Amino acid sequence: MSELLKVSEVGKNFGGVRAVHAVSFHIDEGEIFGLIGPNGAGKTTLFNLINGVIRPDAGRIVFRGQDITGLPPYRVVRLGLARTHQIVKPLNDMTVLDNVTVGACFGAANLALKAARPAAREVLKLVNLDNRADQLAGELNIAGKKRLEIARAVAARPALLLLDETLAGLNPTEVTHMIAVVRRLRDEYGIAILMIEHLMQVIMDLSDRILVLNFGEMLAEGPPAEIANNTAVIEAYLGDPDLAHKILGTA
Amino acid sequence: MYKRPFFWIVLAVIAAFVLVPGISGDVGLRESLLLGAVYIVLASNLNLMIGYTGYVNFGNIAFFGLGGYIGMYLVTALHWSVWLASAVAGASVSLFALLLGLGILRLRGAYFALATIGINEAVKAAVSNFSPFGGASGMYLSFSSFAPLGGPRHALWIIYFAIVVLMGASLLLSLAIKNSKFGLGLFAIREDEDAAIVLGVRAPWYKSAIFALSAFLPAMVGTLYFFKNGVILPEQAFDLTLSIEAIVMLMLGGQGTIFGAAFGAFVYEQFRGFLLVSPLFSQFQLVVAGILLLAIVLFLPGGFMGWVYRKLPRLRKVLE
Amino acid sequence: MYDLVASLASGVLVGAIYGLAAIGLSLIFGVMKVINLTHGAMIALGMFALYFFVSVLGFNPYVSLLPIVAGGFVVGVMVYWIAVNRVIGSSDLMSLLATFAMNMIIIGVGTALWTTSPYNVDFSLPGISWHGYTIPGTQIVAAALAIVIAGLLYVFLYHTRTGKAVRAVASNRQAAELMGIPTRRILAIAFGLGIAVAGAAGALIATLFPFTILSGGSYELKSFVVTVLGGLGNPAGALAGGILLGLIEGGVAPFVDVSWTPVIEFSLFVLILIAFPAGLFRIGKNH
Amino acid sequence: MLRMSAMAVTLTCAVLLAAPFAQAKTLTIGFTTSETGKLNADSKPQLLGFELWRDQVNTAGGIKVGSKHYKVALKYYDDQSSAGRVQQLYSRLILQDNADFLFSPYSSGLTATAAVVSEQFGKIMITTGAAEGKTYRLGNKHLFQLYTPADKYLKSALDVIKAKSPKAKIALIYSNDGFSSAVAKGALANAKRMGLHVVFDESYASDTTDFGPIINKIVASGANVLIGGGHYADGSTLARQLHDKKVNLHFISLLVAPDIPKFANLGEAALGVTVPSQWEHSVGYKPDFGVAPSAFTKAFEAKYGNQPGYHAAGGYAAGLVLQHAIEKAGSIKTAAVTKALNGMNAMTFYGRVHFATGAGDHGLQIGHDMVLAQWQKGANNKLVSQVVWPASAQTAPILYPLKTFAH
């Protein structure tokens, strides 16, 4: 498997606070890569650094052999790196279909408007939103908006998809459905996935490898089984007994 | 585009604007329709910014005024034909807007709105001191300038037809953008600029491009309009009130809708015209217009077409 | 040299009044994110109110400030409930237009009542003369009162219950609501305060210069410039911004034709907006 | 409230009066006036002048054309002080309201815009309140200007300076608008020709409210007389601040503002300020036709309760001159009336009226002279406006130099 994304020694400070420091890892094609860590560990900041929402103070990010450090998000997505947001950002006054069409038009797919609409409908089927296509995005419930968020990113035809807490706030049925969607994305569409998730059981099941961040620094990296037994990781989570318990439970 | 009913409606409107006063030769009607056409150009191009992109350009009249100034300068000082002058005015004001846009479109929301007011006032003050443009005394057109168009009586008809054509061009431009990938990107910016950027919309360039595009036709019409008036003065060319009135027209009809922009502009023109000549209201026209605007903002924020489309969602699909 | 000093001195004095006028605009923007386009009309109403109290009823102009501030507050609260309350929280455009509509109504009624011809409050105080340059006493008192009123507003905002509630609503309306603060009433109070301050500024200006119902317009534009200099929504910065604007007006006058002053002012306005959208002064922010 | 009911009464009267004339022949004169917007204050008295003339003509039986008599009807709309609708409204006046003759809107800019329409229909338009010479050099054939052109406005003020203190240091400061700049340009050229010394020459933005910076520059320049100004609002503000800032000047002459009676509300600040005026109620002109100055003033006061300024007189004179030309032509045909106007060189209550007839400046006023009026203390210390220049029209000796301030 060839290397898709390589992050080397990336760092970012916010007014003297080290949000992310010297983080390095790589993701291979077709891999599902989990990113975990306590609240405030710098996970979302790392996402923002990778897709160019903020510019790193140090380090290099290489995607598909091209240096994308500091490139603006609209260029990064064009190269095949799409993402979703933890707090969903639907384009409220546009239809569900148009939301996804934006993804198809401006992402790596870079389709013309005519070709984008059928492509968008395809993706809507994948996330079970095809019956809502003509509804305004603002009228969807939270689960619908989360699915829409994924659909838009997928419509871009990315090689790598960054998922930021896609499962948060969903009920168990919805979680099950979403997990299936993520698997299909990898298995059928060959999209590599980098995901932040708090549901440990899920991320342990899904991920090929996992990276743990704590206070902006790398704590550990490796296959789920290894991570689950890593004492440093368990200690980091011990501040939060609930989570520590969950991790130990999966081990 | 020609498959859309709206395309044919626009053609029909242009035909009506040309034929009704043209056949009857009614100059009074022509003058009223002319102002209506100018307002439609202003409102529908403003709609590209406010309705499509979500940026409130309060100083939109600066494009119209600058276009008027550049055109009048070319006609009076360099003796160009008014058509060439108008096209060059359109192009140069667009270029100006493009450069300006790269700077001020970094601002969002109220900050952008304020910056555009500042720009209009700065340009107005600068032109008032700029002697090639006649400074504060502006530029006056010699009667002989109408000669190439067959004298003033003839010329005013020709200018009217030209403005109607540009009105049609404005509406079709709105339609074309609305149904294009470019337009889709703009709508995404309007809804959530950060999300749009992450989805791949090259927002800085898109915003500057639409800013420049929205300047083109108003600037061309500015040349024609002031040519017809025979005089251009700073306070006429950069009248902030007209700028805000253009926003009012857009709101009246419904921002974001092409039909609404045109309808709002036309109705507003007729309404103000009525108030002016009505013996009952002429003293209180400002008050009446203010109350009307307040009522729309408070109770009908989607404007007239917004309301219609909400009642008849199918109509939106047919028309726009 | 003397002329520069004299110009700067009168710049500071006039600037304090620009600052006071802008505080009203800035307060309203800071609390409810509304750019109040009735601002100019309210300044003009303050001017005509002073005319009424002084030239018709024979009050002392500075005593008249008390009823004018009170009246301005009442008018502001009324305008809030009529025009602003419904559009709070919707797009910027809606509040701009709602206040612009109120502006049209006020100007329309004002024109019908007073025409657009100037009114003058004939009032003067002994001034200070220096090398042929004179600063009128009215200008000194007006600047001092502007600073006093700004100070009182500061005391109100930082040392009273209601004032603290206003600030709480300004920094986070939802949180304030959860804490049981009646946010709508607080917004109405803030709007009333903004208008009261604008009216007071208008009244002070009317002690200095003749005015018309349309005079508020140019002070409104100046208030925009001042609020941008001081930071939108930052009332303390507005006073500093006003004085800076006064200094700029006074400072450039000896060197360029005064008809270029607006060009410089508005270009600066746009440039600062682009370069420092948070304003040049961060005083009183982030407490 | 009072204004409204007064309006209602006027309206009713107008309707009642108009009714019986409906059968008689009527001559309609159309124009726009600025009922709203910033020109409102200057435009209003002009309208009052038009209306006084109409009422007097109609009471006297109308305009006599050969053996027929025409009643006069005025038809007007509000132009909102802006050019936006001027052409629409003038077209409406000509085509829908069938106006036979036109008066101009107030201000040169609006007038030039209206002229595009009036010329294309070959309608005669008497302009009043449109002083800029530019408007008459565009090739118009049916425009006739009543006002002395802008470039001669300050001539009388310069004459005074030349006579009283030829070595005076003159500050020329003026509003940066079309009319005032034209006046200033003319004054500068005249001053040079007369060998006068202009030490400071600068314009200010027309919406200036604080004249502090420019007044400091005047003081710095060492000027001891001041001429210039602009319109009503800026002029009164400037006068007030000159006084508040105790600027020592021997002579002040400002455009437009001091001619409006309300200028006296400035109190001490108004004292001694002069204004170049198209007309003053106290002038002693002996007219060749129409009312005498005193009769006009008396009638105006009786009707409106205040003294007429030159805007009002200009309005009345526009009607009077048109009436005279029609009666002389014995026709209401444009060609005949144009010919009568072209040939006119006569004294009226408003002064001499004589139009240029050359191709390049047709309709430009070349006969009318301006007077200089000054606010002086009259009986029981009230401010009154006196004509102080030229000597032939003088009603009081000029105050020169003005009282100086102790610092």
Side-chain angles (χ1 to χ4, degrees), chain C residues 1-7 9-11 13-14 17-18 55 107-108 111-113 115-125 127 129-139 205 208-212 214-215 217-219 221-222 246 249-254 257-263, chain D residues 1 3-4 34-44 81 173-176 201-222 232-241 243-248 257 260 262-263 265-270 405-407:
Chain C
M1 190 55 216
Y2 293 133
D3 60 330
L4 181 60
V5 174
S7 284
S10 40
L13 295 176
V14 171
I17 300 165
Y18 293 162
S55 298
I107 297 288
T111 306
L113 286 176
T115 74
T116 54
S117 68
Y119 284 69
N120 180 55
V121 175
D122 192 10
F123 173 72
S124 63
L125 292 172
S129 294
W130 179 71
H131 293 282
Y133 300 94
T134 299
I135 293 175
T138 46
Q139 221 166 64
I205 293 166
L208 308 176
F209 315 135
F211 51 89
T212 76
L214 305 177
S215 292
S218 55
Y219 291 100
L221 285 174
K222 279 195 201 302
E249 285 186 357
V252 300
D257 273 19
V258 286
S259 61
W260 281 94
T261 311
V263 185
Chain D
M1 214 45 232
R3 285 176 55 87
M4 277 195 51
S34 304
E35 286 185 295
T36 52
K38 67 186 166 88
L39 300 176
N40 161 279
D42 303 305
S43 181
K44 183 79 187 170
S81 307
I173 66 161
Y174 54 96
S175 163
N176 191 20
D201 157 29
E202 195 166 309
S203 65
Y204 55 82
S206 54
D207 58 353
T208 302
T209 48
D210 173 22
F211 286 85
I214 200 165
I215 288 176
N216 286 339
K217 288 175 87 169
I218 295 168
V219 174
S221 74
Y232 190 8
D234 55 327
S236 47
T237 309
L238 174 59
R240 159 106 191 241
Q241 284 190 270
H243 182 263
D244 284 352
K245 292 180 82 84
K246 299 184 179 172
V247 184
N248 279 323
I260 313 260
K262 268 182 88 179
F263 190 77
N265 291 353
L266 291 181
E268 284 292 312
F405 297 98
H407 282 150

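The model shown is predicted, which means the values in this text are computed figures rather than measured ones. Order of the sequence lines fixes the chain letters, A, B, ..., with proteins taken first and strands second; residue numbering starts at 1 for each chain.
If you measure heavy-atom distances from C:Y219 to chain D, the contacts under 4.5 Å come from the side chain alone. For D:D244, the parts lying under 4.5 angstrom from a heavy atom of chain C are both the backbone and the side chain. Looking at C:V252, there are no atoms closer than 4.5 Å to chain D (heavy atoms on both sides), in backbone or side chain. Only the backbone of C:P254 comes within less than 4.5 Å of a heavy atom in chain D; its side chain stays farther off. Heavy-atom distances place both the backbone and the side chain of D:K245 under 4.5 Å from chain C. Neither the backbone nor the side chain of C:L4 comes within less than 4.5 Å of any heavy atom of chain D.
Most heavy-atom pairs under 4.5 Å with chain D: of the set C:S117, C:G137, C:G108, this distinction falls to C:S117. The candidate from D:F211, D:Y204, D:Y232 with the greatest count of non-hydrogen atom pairs under 4.5 Å with chain C is D:Y232. Highest contact tally toward chain C, considering only D:V219, D:T208, D:L238, is held by D:V219 [criterion: heavy-atom pairs under 4.5 Å]. Ranked by heavy-atom pairs under 4.5 Å with chain C, the list D:I260, D:L39, D:N248, D:D210 is led by D:D210. Between chain C and the residues D:G267, D:A269, D:S203, the most heavy-atom pairs under 4.5 angstrom are made by D:S203.
Between the OG atom in C:S124 and the NZ atom in D:K246 there is a gap of 8.5 Å [rounded to 0.5 Å]. Note: D:Y174 OH to C:S259 OG = 7.5 Å, rounded to the nearest 0.5 Å. Rounded to the nearest 0.5 angstrom, D:K262 NZ and C:N120 CG are separated by 9.5 Å. To the nearest 0.5 Å, atoms CG (D:N216) and OG (C:S10) are separated by 4.5 Å. Here OG1 of D:T209 is found 5.0 Å from OH of C:Y18. Values are rounded to the nearest 0.5 Å. To the nearest 0.5 angstrom, C:Y119 atom OH is 9.5 Å from D:N265 atom CG.
Not one N or O on the side chain of C:E249 forms a donor-acceptor pair closer than 3.5 Å with the backbone of D:P213. At least one donor-acceptor pair closer than 3.5 Å links the side chain of D:N40 to the backbone N or O of C:T116.
Side-chain atoms of C:S218 and D:D207 form no donor-acceptor pair, as typed in the model, at a separation below 3.5 Å. Checking C:T111 against D:T36 by side-chain atom types alone, no donor-acceptor pair falls below 3.5 Å.
Contact detail for C:P118 and D:A233: the closest heavy-atom pair is CG-CA, 3.7 Å.
The side-chain heavy atoms of C:F209 and D:R240, taken from C-beta on, include no pair separated by under 4.5 Å.
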